[in-house]
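Right, one structure below, let's go through it.
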Amino acid sequence: MNDRQSRFQAHKAAAETFRLVHDRVPEGVWSAPGRVNLIGEHTDYNDGFVLPFALPHRTAAAASVRDDQLLTVATLGSDGRIQRANPIDITSLRPRSVNGWAAYPAGVAWVLRDHGIGRGADIVLAGDVPTGAGLSSSHALECAVSLALLGLHGQELDQPGTPDRMRIARWVQRAENDFVGAPTGLLDQTASLCCTRSNVLFLDVRSGDAEQVPFDPASVGLRMLVIDTRTKHSHSDSGYGDRRRGTERAADLLGIKALRDVQSADLDSTLTRLPAELAPLARHVVTENQRVFDVVALLRAGRLNDIGPFLDASHTSMRDDYRISTIELDTAVETAKAAGALGARMTGGGFGGSAIALVPESRIDEVEASVTAAYEREGWRAPRTFVAVPSAGAGRDI
């Protein structure tokens, strides 16, 4: 399925479910995609460099404004059932005051309240971004809700005098960090909002400078295969936060703002100044930033076929230095490579979620079958696989 088809299906499902829930048509529908990070993992909260692209899979928010200050939210589950959260009083929102999936739209409303968006809204969500797969389903939801709430108040994306995409990304990050309590960086929100079709987004997180770099695997006979291990993944768990705090402590000990300020040429001497438990974390961040630069250089030169070794090195670094991989992710990566992938790595926050593999088109079936068979031999739940096509970012649908 391409992004246009997914976008149509998501906004159609959201609009139809809105009519079922509220017995009227919504004033509009806005949607945002999930993302895959090609390379540049756990560098975003270290002021570093990332290289994501948007998935065709999207979450749509059908919405209408209310005359009060209540937020009502319902979502259409993958099982076809509608879940409704209790009505939320926007005026009384405070961090951690809403639990479960409703915390994400509530967090967005909490942030926008501080920017003059305080009227209530009825919102219904639907889409096909895989949940729990490390593909940024929560950020797709938050970005779609943020555009809906802004749009209902006459602040449509990319119009004169309205917040730009990077500002909205930072608002969504605040909702995730301060309201939900997940210590995420800026990668996911920015990817969902700013990516474009057939490109990866080369983003300097510190400055906000961004470049759309051509990335179209199909044009050179390749496919980017996503392997969802279907194992636990959550940014709110302690492991992610522990890694973030570790890198922040390392930067403090080095007397720098963030690990992004360590140059590759100075890495070895820098690591001698850090405690043994922090040196591997710093090594990952510094080498991962360099891998982003190396991959961007290859893509600019039209050498997409040559990026595989950098994907491999990224996975090794996350497995051995950052220690965020799992046996299921390692198995997916190693099996895909043995079956013909040019390179593979885990993607996302780690501790479960998904891996990606760059695969010649002629080997896709073999790679998928090999990974599935490897999981079956281990007695694990079968992985979910699909080909990821670099797609368009968030926007208004109808």
Side-chain angles (χ1 to χ4, degrees), residues 2-3 6 32-44 48-58 129 133-136 139-140 143 165-166 169 185-227 260 287-315 317-318 341-349 353-359 361 386-395:
N2 62 39
D3 60 333
S6 181
R35 66 93 190 95
V36 159
N37 193 25
L38 181 62
I39 201 162
E41 219 66 76
H42 290 267
T43 53
D44 57 341
F49 302 86
V50 295
L51 199 63
F53 63 91
L55 290 169
H57 307 74
R58 302 179 77 87
V129 182
L135 301 175
S136 200
H139 291 97
C143 289
R165 292 173 184 260
M166 281 302 301
L186 196 59
L187 185 160
D188 297 340
Q189 310 89 330
T190 307
S192 187
L193 286 159
C194 299
C195 283
T196 60
R197 188 175 291 114
S198 299
N199 291 292
V200 284
L201 181 72
F202 178 34
L203 174 68
D204 179 338
V205 175
R206 173 176 287 175
S207 69
D209 293 340
E211 175 190 351
Q212 303 289 346
V213 180
F215 182 68
D216 184 8
S219 68
V220 292
L222 298 175
R223 298 291 186 269
M224 183 57 70
L225 182 69
V226 175
I227 305 165
R260 115 47 152 317
T287 58
E288 187 78 347
N289 277 325
Q290 184 61 52
R291 285 186 284 271
V292 173
F293 298 147
D294 292 338
V295 169
V296 168
L298 289 172
L299 294 179
R300 287 172 176 160
R303 296 172 56 192
L304 194 158
N305 293 66
D306 295 331
I307 71 172
F310 296 96
L311 305 183
D312 296 343
S314 175
H315 184 78
S317 181
M318 288 186 288
L342 302 183
R345 64 183 285 269
M346 59 151 285
T347 188
S354 297
I356 56 173
L358 185 65
V359 184
E361 182 180 9
F386 63 89
V387 172
V389 179
S391 299

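Heavy-atom basis, side chains included; hydrogens, waters and symmetry copies ignored. Fair warning: this is a prediction, and the values are worked out from it, not measured in the lab.
In this structure, Leu55 CG and Met224 CE are separated by 11.0 Å, a value rounded to the nearest 0.5 Å. Considering CG of Leu203 and CD of Glu211, their distance stands at 11.0 Å, rounded to 0.5 Å. Leu298 contributes atom CG, which lies 6.0 Å from atom CG of Asp306 (distance to the nearest 0.5 angstrom). Expressed to the nearest 0.5 Å, how far CG of Leu299 lies from CG of Asp216 amounts to 11.5 Å. We find the CE-NE2 distance between Met346 and His315 to be 7.5 Å, quoted to the nearest 0.5 Å. Of the inter-residue distances, the one linking Ile307 atom CD1 with Asp294 atom CG reads 11.5 Å to the nearest 0.5 angstrom.
The minimum heavy-atom distance linking Ala392 with Arg58 is given by the pair O-NH1, 3.0 Å. Taking each heavy atom of Pro33 and Ala394 in turn, the nearest pair found is CD-N, 3.7 Å. When all heavy atoms of Thr347 and Ile356 are compared, the pair lying nearest together is CG2-CG2, 3.8 Å. Summarising the geometry of Gln189 relative to Cys143, their closest heavy-atom pair is O-SG, 3.9 Å, with the distance given to 0.1 Å. Annotation for Ala169 and Leu186: closest pair O-CD1, 3.7 Å, computed over non-hydrogen atoms. The shortest heavy-atom contact between Ala32 and Ala140 is CB-O, 3.4 Å.
In this structure, Arg260 contributes its side chain and Asp204 its backbone to no donor-acceptor pair below 3.5 Å. Arg165 places no side-chain N or O within donor-acceptor distance of the main-chain N or O of Cys194, the cut-off being under 3.5 Å. Using a distance-only test at 3.5 Å, with no hydrogens or angles considered, no donor-acceptor pair links the side chain of Ser198 to the main chain of Phe215. Of the possible donor and acceptor atoms, one in the side chain of Arg345 sits under 3.5 Å from a partner among the backbone N and O of Leu38. A donor-acceptor contact shorter than 3.5 Å links the side chain of Asp312 to the backbone of Ala344.
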Test log, rule side chain to side chain contact (heavy atoms under 4.5 Å, CB included), inputs Val359 and Val387: CA-CA 10 Å; Val359 184; Val387 172; over 6 Å; no
Stepwise side chain to side chain contact (heavy atoms under 4.5 Å, CB included) test for His139 and Leu187: CA-CA 10 Å; His139 291 97; Leu187 185 160; over 6 Å; no
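Counting heavy atoms from C-beta on, the side chains of Phe49 and Val296 never come closer than 4.5 Å. Inter-residue side-chain proximity for Arg197 and Ser391 is flagged as unmet; no heavy-atom pair is nearer than 4.5 Å. With a 4.5 Å cut-off on side-chain heavy atoms, Val50 and Val292 do not count as touching. Between His42 and Glu288, the closest side-chain pair of non-hydrogen atoms is not below 4.5 Å. Side-chain contact check for Thr190 versus Asp44: every heavy-atom pair is 4.5 Å or farther apart.
Of the listed residues (Val200, Asn37, Val213), just one forms a side-chain contact (heavy atoms from CB on, under 4.5 Å) with Phe53, and that residue is Val200.
In summary, the side chains of Thr196 and Gln212 do present a donor paired with an acceptor at a separation below 3.5 Å, with no hydrogens or angles considered.
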